[in-house]
Number of protein chains: 2
Amino acid sequence: MKLFFGEIFENSAILNEEESHHFAKVLRGKEGDLVHVTNGKGKIAEIEVNSISKKVVEGKIIDLKTEFEKKNYYLHIAIAPTKTMERLEFFLEKATEIGIDEITFLQTYHSERKNIKIERIEKIVQSATKQSLKAYLPKINDLIKFNEFIKLNFSDFEKCIAHCETDIERVPLKNILDKKPKKILILIGPEGDFSKDEIKTSESNNFLGISLGQQRFRTETAALQAVFGTDWELG
Amino acid sequence: MKLFFGEIFENSAILNEEESHHFAKVLRGKEGDLVHVTNGKGKIAEIEVNSISKKVVEGKIIDLKTEFEKKNYYLHIAIAPTKTMERLEFFLEKATEIGIDEITFLQTYHSERKNIKIERIEKIVQSATKQSLKAYLPKINDLIKFNEFIKLNFSDFEKCIAHCETDIERVPLKNILDKKPKKILILIGPEGDFSKDEIKTSESNNFLGISLGQQRFRTETAALQAVFGTDWELG
């Protein structure tokens with residue numbers, strides 16, 4: 001099964017411009033071919049291609065699935081980008097495969113990386129979505145300052161901050177997940193952890209300090225632990 | 001804290017040859033420096049360096065810990081190497097960080113990769129062990145044919161094979177972990193899954209078919225899921 005991003009209408013669907021190009025020029029697809037199209041918002045249509053132009057591949061819908069493999073929770077991870085982009089990219093791929101809904105990049109006090117290539121990150125997440133045959137494309141938010149992000153409105157979320165300060169109270173993530181939250185937001189800090197000030201600011205904005213086990217993990221490992229744990233308990 | 005591999009004696013410890021070279025030449029370490037040495041078998045010693053030669057750095061033990069952060073389970077993963085070594089290497093690093101005791105590489109019917117560079121793999125696991133400050137070095141076993149491996153003696157292990165054949169009975173890994181096994185062996189197949197013959201052979205050798213969730217994961221993602229899940233339930 002080959003999955004493309006596109007738009008889905010009542011009886012027909014089209015592939016996005018880049019996907020149309022890929023279908024026509026790289027894969028040398030033909031009229032009459034059967035392919036799958038997703039809108040990245042839960043719909044997957046099987047279509048029979050009936051017209052191929054330079055910019056648009058279009059087809060008739062044969063089969064349509066809505067809310068395809070919808071998860072019963074919403075996971076938003078806000079993470080300080082790692083120094084090595086490769087590690088962050090691997091996290092993004094695995095998180096997309098396992099199940100994540102939204103990712104925000106945080107600029108924190110101890111962040112070593114001050115910029116990210118958002119287009120490249122979007123490509124990785126799109127590619128992992130297609131490869132793992134998912135109908136929901138995770139939402140990606142560009143870098144934002146910790147102090148700005150923390151003040152945004154997440155009123156219907158279980159809000160958590162994973163940190164390693166042993167002298168500030170933390171509860172295991174497991175305890176949070178036992179309450180079966182519908183929406184969960186988890187902040188993952190940089191290699192040098194969140195600063196004490198950041199932890200305090202988050203607490204005064206109703207974030208709960210959590211721990212991910214006895215060990216001190218690398219940033220991307222902590223983030224993976226959060227994604228796997230949430231899927232393990234709520235999936 | 002800087003951790004090196006070496007040998008630990010009653011009152012003193014030495015760094016391995018390569019580690020000695022690294023200490024003396026790369027890090028420009030000096031007599032009187034305090035460093036940590038592990039034997040990879042549970043011991044970690046803090047030493048004060050008192051002699052540096054070309055091949056051996058030696059020091060007096062100041063502090064010694066045995067069975068350092070010992071886990072209460074033993075996890076052995078036998079995995080068909082992925083086509084892209086990068087994906088396998090990332091798995092090895094994450095598994096070492098989270099907790100794994102033994103890794104075997106399987107040559108299966110659908111394996112695309114017929115060889116691995118065992119020295120490179122050992123280096124990655126050693127480096128991840130040091131980076132995450134662990135005193136137990138996972139054991140690495142070279143590539144072995146599926147049919148040979150399956151007949152080895154693992155009598156005190158809970159033996160599992162993760163596969164995607166929906167018409168062969170499988171139980172969720174969670175159910176196995178609920179029994180709190182002390183030793184667990186999990187087989188992870190190649191991108192094209194284990195063959196039906198392999199699954200049957202494993203069953204006649206008392207392996208239990210398990211599933212890792214609703215989805216079909218990439219090889220390295222399935223393996224990570226097994227490592228994270230085991231740590232989540234038994235760690």
Side-chain angles (χ1 to χ4, degrees), chain A residues 1 3 68-72 82-100 127-136 164 172-178 191 211-235, chain B residues 1 3 68-72 82-100 127-136 164 172-178 191 211-235:
Chain A
M1 176 172 156
L3 185 62
F68 180 72
E69 293 185 357
K70 195 184 181 194
K71 294 189 288 90
N72 50 2
T82 51
K83 201 172 155 191
T84 321
M85 273 306 284
E86 216 184 350
R87 296 181 177 282
L88 185 68
E89 291 176 7
F90 196 91
F91 159 70
L92 293 167
E93 184 186 292
K94 292 301 140 223
T96 304
E97 255 185 274
I98 297 294
I100 193 164
S127 158
T129 302
K130 290 200 288 180
Q131 202 277 336
S132 58
L133 307 176
K134 290 193 183 298
Y136 290 92
C164 307
L173 173 59
K174 228 175 208 171
N175 296 15
I176 306 291
L177 298 173
D178 275 348
E191 292 296 316
S211 68
L212 296 164
Q214 305 295 322
Q215 303 173 60
R216 209 185 164 99
F217 292 119
R218 274 179 186 273
T219 293
E220 78 281 4
T221 314
L224 275 175
Q225 181 83 291
V227 173
F228 275 95
T230 306
D231 173 63
W232 190 262
E233 294 295 334
L234 306 181
Chain B
M1 178 173 156
L3 186 61
F68 180 71
E69 294 185 357
K70 196 184 180 196
K71 292 188 289 90
N72 49 2
T82 51
K83 201 172 155 192
T84 321
M85 275 306 285
E86 215 185 351
R87 295 180 179 282
L88 185 68
E89 291 176 9
F90 196 90
F91 159 71
L92 293 168
E93 185 186 292
K94 292 302 139 221
T96 304
E97 255 184 273
I98 297 295
I100 193 164
S127 158
T129 301
K130 291 199 289 180
Q131 202 278 335
S132 58
L133 307 176
K134 291 194 182 297
Y136 290 92
C164 306
L173 173 59
K174 228 175 207 170
N175 296 14
I176 307 290
L177 297 172
D178 276 347
E191 294 295 317
S211 68
L212 295 163
Q214 304 297 322
Q215 305 173 58
R216 209 185 163 98
F217 292 119
R218 274 178 186 274
T219 293
E220 79 281 4
T221 314
L224 275 175
Q225 181 82 291
V227 172
F228 275 95
T230 306
D231 173 64
W232 190 263
E233 294 295 333
L234 307 180

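Please read all numbers here as calculations on a predicted model, not as lab measurements. Reminder, nothing fancy here: chain letters follow the sequence lines and each chain counts from 1.
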**Message:** If I measure from the heavy atoms of chain A, does B:I98 come under 4.5 Å with its side chain, its backbone, both, or neither?
**Reply:** both
**Request:** Could you look at B:L133 and say if it's the side chain, the backbone, both or neither that has a heavy atom under 4.5 Å from chain A?
**Result:** neither
**Complete:** Closest non-hydrogen atoms of B:W232 and A:E233, given as atom of the first, atom of the second and distance, are NE1-OE2, 2.6 Å
**Partners meeting salt bridge (Lys or Arg N to Asp or Glu O under 4.0 Å) with A:K130 (sequence neighbours left out)** = A:E19
**Prompt:** Minimum heavy-atom separation for A:F228 to B:L224, with atom names?
**Reply:** CZ-CB, 3.7 Å
**Message:** Are there residues of residues 83-91 of chain A whose heavy atoms fall under 4.5 Å of chain B's heavy atoms? If so, which?
**Reply:** A:E86, A:R87, A:F90
**Request:** Work out which heavy atom in A:K134 is nearest to a heavy atom in B:Q215; give both atom names and the distance.
**Result:** NZ-OE1, 2.7 Å
**Request:** Using non-hydrogen atoms and a 4.5 Å limit, figure out which bit of A:R218 sits close to chain B: side chain, backbone, both or neither.
**Result:** both
**Contact origin within B:S132 toward chain A - heavy atom pairs under 4.5 Å** = neither
**Prompt:** Pick from A:Q131, A:E220, A:R216: which one has the most heavy-atom pairs with chain B under 4.5 Å?
**Reply:** A:Q131
